[in-house]
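Hydrogens, waters and symmetry mates are skipped; everything else that's a heavy atom, side chains included, is used. Here is how names work: the chains are called A, B, and so on, in the same order as the sequence lines, proteins then strands, and each is numbered from 1.
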Number of protein chains: 2
Amino acid sequence: MTGALKSTRSLNVTEALRERLLQGEFDPGTRLQETWLAERMQVSRTPIREALRVLAKDGLLEYAPNRGYSVRHFSLDDIVSAFRVRSVLEGLGCRLIAERGMSSGLSESLHATLQTGENLLQSGQLQRGEFDEWREMNKAFHLAILLETHNDLLVRFAKQSRNIPIVFNGSFRWYSLREFQRAHDHHQVIFDAMANQQPERADFMMQEHIMHAALILKKNYND
Amino acid sequence: MTGALKSTRSLNVTEALRERLLQGEFDPGTRLQETWLAERMQVSRTPIREALRVLAKDGLLEYAPNRGYSVRHFSLDDIVSAFRVRSVLEGLGCRLIAERGMSSGLSESLHATLQTGENLLQSGQLQRGEFDEWREMNKAFHLAILLETHNDLLVRFAKQSRNIPIVFNGSFRWYSLREFQRAHDHHQVIFDAMANQQPERADFMMQEHIMHAALILKKNYND
DNA sequence: AAGGGAAAGATTGTATACAATTTCCAACCC
DNA sequence: GGGTTGGAAATTGTATACAATCTTTCCCTT
């Protein structure tokens, strides 16, 4: 299994809070007071403080000494900037794999996600519940590539760059069938480029893929 | 001034510990016990714990629940991987600036660093103390570019990617005059590319610049 | 009434006490 | 002897008490 067997309140609180921040539960600028959070989460201030510090490191909160933590505001520019960073990171991932060639394990994993994508597109129009399946598939595709690079820092940064409220839960909201199809096409080309050891093409298409997602977001995001 | 006026023991301990880790004061694998650190640093366990958690997030320490923190080992592969990541990040920085054109402020800052580099190379052979000057100049060059992008995540990641013991203090140790000259040439070309709005060239040369540094490291680093 | 400033309240920072878990070691069984 | 079990010691996790800092309020001065 993939699960974390051991945990602590501190870690649990961190992830619970992160989730709530990513859901956009707190308005930007809101000050997160330790005592308030502590009693609300049925826990002492100690694990709360540790969680807050970590989430600030992740860029979700802002911190000022003796003044505590507040919820960070993400402008549209911030979000697009994050996409740009992520695009070169994942682009690099594809390039590295294309250079050395795909392992059979990666080839199979990606093939499975492509198949899943194909199936989801068959129905003609993605239903409510299928959004989640698509999101799963998409996440699996991108993560499989990253992990195969065995570049620890690359994986960490790419994961971290997705820590943006709202964006990485409901962003497929805006997608029409046409957009899903295009994303699927991108995935296929990326796969093909890596399979045929075309680093430049793999890198470029991954950047294109991610920045197109940013473009759609830009068109629809209001704030 | 640039200084942080307000601070806390927690923050001070974090930076002090980070510095010592970057100096390679602790052998990889060493377990850092809270009580030991606490009495050695004349402070209670509380700020120590917060520091450890942050440094683990920065990738300098490894953490296991209920087992505490230990000093991370960086293989040569880890280090080169980090350089590769940094190269695409800073490459992106150059690209972004080349696309939109340099501000006069950046142009002046970079010109100053280039001049400093020129002067340091004049003497024919860099002396002991001049290594630090070169390091300062180099840091200023790279940081000025990053900051000008106004891409928060990019700056954070690029800075974080330098958090590797030993490497980013004494790496110029291996440089011959020839290598310093080559680095200086790179800086000049990067500046020129950005000044003439050549994004592709600026990006490429920054990657070349950083990966060449990695190459020198690879040749000389033993462990 | 506007501004300044001191005291009270609220909030964060730090130390310490206690709880939970792991580690170590020795006795024991097979 | 190899391995296991039990428990004591050590270490981390959590709660709480206290200290330092910031915030607010209200009174005073001009």
Atom pair distance, as rounded to whole Å: [atom1] in [X] and [atom2] in [N]:
X       : N      : atom1 : atom2 : result
B:Ile48 : C:dT14 : CD1   : P     : 11 Å
A:Glu34 : D:dA20 : CD    : P     : 18 Å
B:Leu52 : D:dG13 : CG    : C1'   : 13 Å
B:Glu39 : D:dT11 : CD    : P     : 10 Å
B:Gln33 : D:dA10 : CD    : P     : 11 Å
A:Arg49 : C:dT11 : CZ    : C1'   : 10 Å
B:Leu11 : C:dT12 : CG    : P     : 15 Å

Strictly below 4.0 Å, N to O, side chains only: are [X] and [Y] in salt-bridge contact?
X       : Y        : answer
B:Arg53 : B:Asp58  : no
A:Asp77 : A:Lys218 : no
B:Arg18 : B:Glu15  : yes

Under 4.0 Å from OP1 or OP2 of D:dG13: is there any side-chain N or O of B:Tyr69 that close?
no
Phosphate OP1/OP2 of C:dA15: any B:Ser44 side-chain N/O under 4.0 Å
yes
Tabulate protein N/O versus nucleotide N/O from nucleotides 18-22 of chain C, keeping only pairs under 3.5 Å, one per line.
residue: C:dT22; atom: OP1; partner: A:Lys6; partner atom: NZ; Å: 2.8

Is the distance from the ring center of A:His142 to that of A:His209 below 6.0 Å?
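Close enough - the centres of the two rings lie under 6.0 Å apart.
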Between A:Leu17 and A:Ala51, the two heavy atoms sitting closest are CD1-CB, 4.5 Å
Check against ring pair (Phe, Tyr, Trp, His ring centres under 6.0 Å), B:Phe131 and B:Phe180:
CA-CA 10 Å; B:Phe131 274 34; B:Phe180 281 114; 5.8 Å; yes
Nucleotide of D:dT14, C:dT14, C:dT12 approaching A:Thr8 most closely (side-chain heavy atoms):
D:dT14
